[in-house]
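Okay, so here's the structure we're looking at.
Every number for a ligand or one of its atoms is a count from 1 in the order of the listing.
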Amino acid sequence: MNSKISSIVVVGGGTAGWLTAARLAFDHCAADAQGLSVTLIESPDVGPIGVGEGSWPTLRMTLREIGVSEFEFIRACDASFKQASKFVGWRTGDSLDSYYHPFMPPAGAMSIDVNRAWLKHQPERPFAYSVSAQAQLCEAGLAPKQSQTPEYAAFSNYGYHLDAGKFGEFLKRHCIDKLGVKYVQDHITHVNTHVEAHGKDSTDGAIKSLGCRETGDLAGDLFIDCSGGAGLLIDKHFKAPFVDRRDVLFNNAAMAVQVPYDTPEQDIASATISTAQSAGWIWDIGLQSRRGLGYVYSDAHTTKEQVWDALKSYIQNTSSVDIDSLKPRDLSFRPGYRTTPWVKNCVAVGMSAGFIEPLEASAIAMVEISSKTISNELPATVDAMEIVAKRFNARFVQRWESIIDFLKLHYWLSDRDDSAYWRDNKSVETLPDQLRDLLELWKYQIPSTADFQHILELFGPPSYQYVLYGMGYKPQARVTTSRRDNDEMARRNFQEIDATLKKGLRGLPSNRSLLNAITKVETL
Ligand SMILES: Cc1cc2nc3c(=O)[nH]c(=O)nc-3n(C[C@H](O)[C@H](O)[C@H](O)COP(=O)(O)OP(=O)(O)OC[C@H]3O[C@@H](n4cnc5c(N)ncnc54)[C@H](O)[C@@H]3O)c2cc1C
């Protein structure tokens with residue numbers, strides 16, 4: 001059997017479904033008669049999860065690659081610019097305790113050892129301020145570019161904050177109107193397999209079609225399961241094993257709420273603000289028309305009442321909104337991932353493949369990487385499916401584990417012991433082996449690419465450096481001299497960072513002004 005793969009069915013119309021459909025349809029010319037056929041089906045009964053407002057600079061690349069106009073996207077999705085995550089209260093719990101994890105890597109790292117330059121020459125300055133201008137540009141509430149800067153170009157690297165519901169609708173229109181994606185709205189009730197049809201050939205047990213309530217059977221060669229928590233194909237049909245990582249990262253619930261601005265011209269933060277709480281943390285994301293807030297927590301360490309009290313108090317400190325007018329929403333999730341997201345002719349992408357709490361907003365980035373990998377490695381025939389799937393699965397297990405390591409770092413380095421949550425987070429049995437070894441190594445040296453087994457990491461050495469040193473972890477000073485410890489070059493590097501900062505402070509508009517300028521263009 002050597003049947004060609006010419007039609008793909010994407011199950012689910014949330015962020016994962018539409019992004020994956022867009023990637024496959026664009027890359028494989030679904031709008032052309034000879035292109036791949038891409039169909040997306042979503043249930044009229046089950047809505048998308050509707051959260052997921054923080055993204056990475058990868059999304060900027062993805063949107064450009066699939067032919068989206070950036071300004072149209074910004075206008076349609078209430079989007080704003082995100083340049084960093086700002087962590088407040090993670091180290092000691094003190095209100096002055098904060099640090100940045102910006103998107104720009106440390107400047108000058110190709111020629112000098114910027115980490116040692118910081119330790120030697122500016123040990124009292126926050127690491128992120130010493131090695132990059134971006135954290136201070138964020139602190140000043142500035143945009144990553146000017147109003148005349150072309151779409152997707154930038155002064156400093158950025159991703160977006162966006163309204164998840166509007167984003168899904170925007171991608172849907174783009175997919176259907178411009179990329180040739182066929183759309184079916186129907187509820188899938190069962191799965192039909194190839195078993196009886198093909199005996200023992202390579203499609204044994206593979207999905208033949210999806211039984212839909214109104215429209216009958218929907219056939220395809222490859223099925224992408226973007227059905228979110230339902231895990232319709234990967235879980236309910238294939239029962240792919242799920243690794244629960246609550247033993248390492250405790251958060252499994254969230255309470256989310258939308259908060260209006262006090263005035264229409266209120267500043268919009270250029271970073272996601274993540275403020276540590278006694279049983280988790282609160283995200284604070286500024287969109288054009290409102291803020292999106294949420295307390296992510298471990299339900300073993302607190303109650304919904306306590307969570308709402310903490311959220312109310314956070315809101316009252318940052319807004320004059322009438323608390324009683326707000327409608328908080330409860331969400332729960334199981335932190336973990338599937339070890340075989342690709343089974344037979346089905347690949348899980350998005351929440352159906354796994355989800356670890358949103359601390360570094362890596363879920364949409366994982367969707368982007370998954371869909372790009374599927375698109376790049378799309379098997380030509382069913383025969384090639386098994387080996388492609390095997391490699392895909394191995395790489396994604398590594399990715400999930402590397403996300404878990406990086407997120408755990410934020411908790412492990414904390415000095416907080418004001419609640420059972422923080423104390424439990426420091427218990428040695430919750431520390432993954434690889435992270436334990438790396439932390440030992442990093443007592444003596446700076447994180448480098450050589451420390452990671454492969455180059456697939458979502459979080460590379462710069463991310464580790466920002467969090468390690470932001471949280472006060474300092475490596476030993478080197479005893480011997482290295483050519484990369486060059487005082488003169490370090491001085492020049494600091495001067496260049498200062499010059500970039502001055503240029504940015506002088507020339508960049510505020511996040512709000514740039515968004516006003518972009519949204520006004522439409523009406524000119
Ligand atoms: C509290 C919280 C905060 C988050 N914050 C972030 C963040 O800041 N950044 C980030 O990157 N990610 C974040 N995420 C994750 C992000 O929300 C998801 O990764 C993203 O929305 C993708 O979801 P999805 O498309 O996989 O699933 P969903 O949005 O749940 O979509 C599921 C789809 O499947 C369809 N479906 C289900 N059953 C059937 C059926 N029987 N027949 C037909 N269709 C069906 C539904 O109709 C729906 O369209 C967060 C998640 C949570 C829980």
Of the listed options ([options]), which comes nearest to [atom] when hydrogens are ignored and any heavy atom counts?
| atom | options | result |
| --- | --- | --- |
| atom 37 (C) of ligand 1 | Ser332, Ala363, Ser227 | Ser227 |
| atom 9 (N) of ligand 1 | Ala348, Gly13, Gly54, Ala253 | Gly54 |
| atom 27 (O) of ligand 1 | Ser43, Gly228, Gly168 | Gly228 |
| atom 13 (C) of ligand 1 | Gly159, Gly52, Ser362, Gly292 | Gly52 |
| atom 21 (O) of ligand 1 | Val51, Thr20, Ile364 | Val51 |
| atom 42 (N) of ligand 1 | Ile356, Ile188, Leu218 | Ile188 |
| atom 30 (O) of ligand 1 | Ile285, Asn252, Ile49, Val10 | Ile49 |

Identify, for atom 4 (C) of ligand 1, the protein heavy atom at the shortest distance, and state residue, atom and that distance. Pro358 CB, 3.6 Å
Could you check atom 20 (C) of ligand 1 against the protein and tell me its nearest heavy-atom contact, residue, atom and distance included? Thr15 CB, 4.0 Å
So that I know where these two stand, are Trp400 and Phe242 an aromatic pair - ring centroids less than 6.0 Å apart?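 Ring centres of Phe242 and Trp400 not closer than 6.0 Å.
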Less than 6.0 Å separating the ring centroids of Phe73 and Tyr160? yes
Specify whether [X] and [Y] have parallel, tilted or perpendicular ring planes, treating 30° as the upper limit for parallel and 60° as the lower limit for perpendicular.
| X | Y | value |
| --- | --- | --- |
| His101 | Phe406 | perpendicular |
| Tyr421 | Phe250 | perpendicular |
| His410 | Trp90 | perpendicular |

Is there a donor-acceptor pair under 3.5 Å between the side chain of [X] and the backbone N or O of [Y]?
| X | Y | result |
| --- | --- | --- |
| Trp18 | Gly13 | yes |
| Ser7 | Ser37 | no |
| Ser313 | Asp309 | no |
| Gln134 | Asn157 | yes |

Min N/O separation [X] to ligand 1 under 3.5 Å:
| X | value |
| --- | --- |
| Val46 | yes |
| Met351 | yes |
| Val11 | no |
| Ala16 | yes |

For ligand 1, indicate whether the residue Ala256 contacts it via side chain, backbone, both or neither (heavy-atom separation under 4.0 Å). neither
Enumerated ligand 1 atoms positioned under 4.0 Å from heavy atoms of [X]:
| X | result |
| --- | --- |
| Glu53 | 7 (C), 8 (O) |
| Gly14 | 25 (O), 29 (O), 31 (O), 49 (O) |
| Gly12 | 33 (C), 34 (O), 35 (C), 49 (O) |
| Gly350 | 26 (O) |
| Ala254 | 1 (C) |
| Trp283 | 1 (C) |

So is [X] touching ligand 1 or not, going by heavy atoms under 4.0 Å?
| X | answer |
| --- | --- |
| Asp45 | no |
| Trp56 | no |
| Phe355 | yes |
| Leu232 | yes |

What I want to check is whether the side chains of Gln136 and Tyr100 have a donor and an acceptor closer together than 3.5 Å. no
Any luck finding a side-chain donor-acceptor pair between Arg291 and Ser319 under 3.5 Å?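 Absent: no donor and acceptor within the cut-off.
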Residues, nucleotides or ligands: over 12 heavy atoms within 6.0 Å of Lys312 NZ: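 Yes, NZ of Lys312 has more than 12 neighbouring heavy atoms, counting only those of other groups under 6.0 Å.
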Would you say that more than 12 heavy atoms from the other residues, nucleotides or ligands in this model lie under 6.0 Å from the CZ of Arg391, or not? no
With sequence neighbours left out, write down each residue that passes side-chain hydrogen bond (donor to acceptor under 3.5 Å, both in side chains) with Tyr183, or none if nothing qualifies.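 Expected list: Glu42, Lys172.
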